[in-house]
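Have a look at the structure below, then the notes.
Basis for what follows: all heavy atoms, side chains included, without hydrogens, waters or symmetry-related copies. Keep in mind it's a predicted model, so treat the numbers as computed, not measured. Each residue takes its place number in the sequence, starting with 1.
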Amino acid sequence: MIHRNAGYDFDVIVVGGGHAGIEAAHAAARMGSKTLLITLQKDKIGLMPCNPAIGGIGKGHIVFEISALGGLMPKLCTQTYLQARMLNTKKGPAVHGLRLQIDKFAYNKLSHQMLDAIDQLTIIEGITEDIILDGNKQVQGIKTLDGQIYLAPCVVITTGTFLNGRVHIGTHNFSAGRRDEQAVHGLSRFLSGSGLLMGRLKTGTPPRLDKSTVDFSKMEYQEPDNLKQLFEFYPHEVKNIRACYITHTNEQTHKVIRDNLHLSAMYSGNIAGRGPRYCPSIEDKISRFPDKLSHHVFVEPEGADSHELYPNGISTSLPADVQKQYIQTIAGFEQAVITKPGYAIEYDFVFPHQLKHSLEVKTIPGLFLAGQINGTTGYEEAAGQGIIAGINAHQNAHKLEPFILDRAESYIGVMIDDLVTMSVDEPYRMFTSRAERRLILRQDNSFARLTQKGHNIGLVPPALYQDFKNEQEIINQTITDLKAGYKHTELLKLFGESTCTPDQLHAYTGKQFSELATQTIHAHIRYEPYLEREKKEVEKASQYKELVIPDGFQFIGIPGLSKELQEKLNRHRPMTIAQAALIPGMTPAAISLLIFKVRECNMQRKKK
């Protein structure tokens with residue numbers, strides 16, 4: 001029985017019911033903490049205000065890791081998806097990305113239902129106005145706008161775009177946290193008043209279209225994949241799918257946008273916050289890539305029975321009448337009716353270098369931040385932070401060691417290390433290219449990497465854990481048998497392609513395997529020489545990552561190091577090898593060279 005913190009109403013309080021808040025509340029409560037989730041509206045828990053899709057390249061890896069740790073997002077996805085696709089299959093399995101189109105209404109409803117079923121979790125509606133601290137700046141609880149006080153030694157803030165949120169549609173702007181929802185102001189005052197460095201970021205969403213007014217015959221049908229293995233460990237029955245389509249902008253579309261660019265909130269000077277580089281508005285695309293004559297528009301359903309469509313790729317902050325003009329220049333949208341205009345939203349965030357790797361604020365013990373408040377964008381990035389913040393809030397409340405994931409063992413670890421070490425100057429989005437060890441950090445081996453950890457902290461059910469162990473034994477034995485029975489050249493004929501099916505593997509082994517196990521065996525055989533090299537690089541980096549770079553160390557002029565890297569190192573002035581490794585463009589070879597030169601410098605200084 002976990003010892004309760006005397007004098008407190010709860011062990012953990014989670015502020016916000018978005019994707020970060022869901023995972024934080026779920027993790028803390030499932031681990032045994034008496035948990036309170038406070039949100040503006042219960043019926044908006046798990047809402048998808050932007051694209052109703054989960055996963056993709058890099059992002060999908062995070063969801064697999066949440067699954068391996070025992071999180072909730074993968075379960076919600078499996079039960080509410082409309083279409084499944086595996087992206088990047090023409091490349092190797094290390095960079096494949098599972099993406100699911102989601103019924104956002106079903107996801108929203110199921111999120112609330114599954115959280116309601118957790119014994120240790122209480123959900124209430126309210127606006128958190130202030131965080132209560134004691135004389136040592138230790139968290140004591142929260143105070144709501146209506147004066148209610150709830151006490152807990154740990155609070156997780158997951159407020160998304162609600163902190164001083166402001167919606168922009170053309171030259172018109174107003175206070176809002178999301179479409180038709182009020183912004184939150186008190187927490188921003190608390191955070192900035194506590195000395196935390198804060199800034200403004202921007203994101204946006206496209207207009208929604210009436211499905212009955214769209215001509216799909218003019219569009220390209222997007223073929224789904226018949227996948228039996230999604231984000232969860234267990235296979236599932238393939239469900240009825242909903243169609244997705246692709247159309248394109250054209251020169252007429254671009255002319256309408258260029259002619260009205262001055263009316264966009266992003267270009268009129270109304271927005272100070274920086275938007276996401278990798279998910280730009282249509283205005284940004286036209287302005288930044290003037291020679292590109294068309295851009296993809298992915299036409300996706302918002303729900304199984306919804307009359308609204310999501311035109312992915314044309315988010316905007318142009319006036320509503322201009323949105324109608326450019327929409328109706330696109331093939332299939334000539335008669336399209338806009339049901340809701342697109343908009344941009346600007347909001348406060350906290351620069352994440354002020355956090356520990358546990359996502360606890362360095363200067364406020366017991367306060368954890370997760371999601372867009374830390375400068376990220378995307379449901380998956382938010383959920384990945386949420387589960388770590390929830391775990392660590394529980395650990396902290398019960399005086400247990402923090403739970404930290406290393407960047408060499410998980411994409412979640414890469415993301416958090418990037419945030420707290422390098423901070424952000426634009427919304428952070430996960431890509432496979434951010435991981436130095438992506439051959440090791442694949443989707444298929446997420447469970448092998450993290451399920452033991454999830455089991456150790458009490459989030460992975462015993463039955464699933466036992467099934468996982470059994471499958472791992474079969475996978476390991478099969479790899480051993482294949483290597484003993486066939487020459488490597490023979491195995492590469494089967495495993496040298498980008499994909500391998502359970503039937504193909506059955507033909508070699510006489511055994512039946514799940515899609516996930518097949519992918520793991522395939523990747524191991526295909527990448528074996530490189531995996532061994534990667535493991536050695538990880539061991540070497542681990543050995544030297546805390547190696548301190550001396551004050552005044554001369555990065556300029558290091559033989560064998562490109563001038564570009566010399567200049568980057570000189571500009572960032574990393575204090576350790578670990579920090580140097582995070583600088584974009586640093587290669588394993590460059591790090592090895594830097595380690596050699598730093599050790600040489602240290603030896604020379606000792607001689608003096």
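- At a cut-off of 3.5 Å, with distance as the only test, a side-chain donor of N470 or Q466 sits close to an acceptor on the other residue.
- Between the CG atom in L72 and the NE2 atom in H19 there is a gap of 11.0 Å [rounded to 0.5 Å].
- Taking CG of D467 as the reference point, atom CD of E471 lies at 8.5 Å (rounded to 0.5 Å).
- For the residue pair Q579 / T421, no side-chain donor-acceptor distance below 3.5 Å is found, with atom types taken as modelled.
- Rounded to the nearest 0.5 Å, atoms CD1 (I404) and CD (Q395) are 10.0 Å apart.
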Chi angles and distances behind the ring pair (Phe, Tyr, Trp, His ring centres under 6.0 Å) call for F431, H61: CA-CA 9 Å; F431 292 102; H61 288 71; over 10 Å; no
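- At least one test fails for R442 against the ring of Y411: distance under 6.0 Å to the centre or angle within 45° of the axis.
- When all heavy atoms are compared, the tightest approach of L464 to Y234 is CA-OH, 3.3 Å.
- Donor-acceptor pairing under 3.5 Å is lacking for the side chains of E300 and Y245.
- Salt bridge status for K104 with E302: present, with a side-chain N to carboxylate O gap under 4.0 Å.
- Taking the ring centroids of F298 and Y310, they lie at or beyond the 6.0 Å cut-off.
- By the 4.0 Å N-to-carboxylate-O rule, E232 lies too far from K75 to be salt-bridged with it.
- At a threshold of 4.5 Å between non-hydrogen side-chain atoms, the residues F553 and I558 count as touching.
- Separation of atoms CD1 (I583) and CE (M422) is listed at 6.0 Å; rounding is to 0.5 Å.
- Shortest non-hydrogen contact noted between F351 and V424 is CE2-O, 3.4 Å.
- Distance CG/L359 to CG/L419: 8.0 Å, rounded to 0.5 Å.
- A donor and an acceptor atom, one from each side chain of N51 and Y379, are nowhere located under 3.5 Å apart.
- Checked against the 6.0 Å centroid threshold, H248 and H295 do not count as a close aromatic pair.
- Considering only heavy atoms from C-beta on, F368 comes within 4.5 Å of S358 through its side chain.
- Between F231 and F64, the distance from one ring center to the other falls under 6.0 angstrom.
- Inspection of the Q477 and D481 side chains reveals an N or O donor paired with an N or O acceptor under 3.5 Å.
- In this structure, D417 and H357 approach most closely via the heavy-atom pair OD1-NE2, 2.6 Å.
- Using a cut-off of 4.0 Å between Lys/Arg side-chain N and Asp/Glu carboxylate O, R449 and E65 are scored as salt-bridged.
- When only modelled atom types and interatomic distance are considered, N392 and E360 share no side-chain donor-acceptor pair under 3.5 Å.
- For an aromatic pair to be called close, the ring centres must be under 6.0 Å apart, and H522 with F513 fails this.
- One finds no salt bridge joining R437 and E409 here, because no Lys/Arg side-chain nitrogen approaches an Asp/Glu carboxylate oxygen to under 4.0 Å.
- Using a cutoff of 4.0 Å between basic side-chain nitrogens and carboxylate oxygens, K568 and E564 are scored as salt-bridged.
- A salt bridge is defined here as a Lys NZ or Arg NE, NH1 or NH2 lying under 4.0 Å from an Asp or Glu carboxylate O, and E490 with K487 fails to meet this definition.
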Dump the intermediate steps for side-chain contact (heavy atoms from CB on, under 4.5 Å) on N570 and E567, then the final yes or no. CA-CA 5 Å; N570 197 50; E567 290 170 0; 5.6 Å; no
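- Interatomic distance, CG of D225 versus OG1 of T89, reported as 7.0 Å (0.5 Å rounding).
- Salt bridge present: E528 and K483 bring a charged side-chain N and a carboxylate O closer than 4.0 Å.
- Heavy atoms of other residues, nucleotides or ligands lying less than 6.0 angstrom from CZ of R573 number more than 12.
- Side-chain atoms of D103 come within 3.5 Å of backbone atoms of A106 as a donor-acceptor pair (strictly under, hydrogens ignored).
- Salt-bridge check for D418 with R407: passed, with a basic side-chain N closer than 4.0 Å to an acidic carboxylate O.
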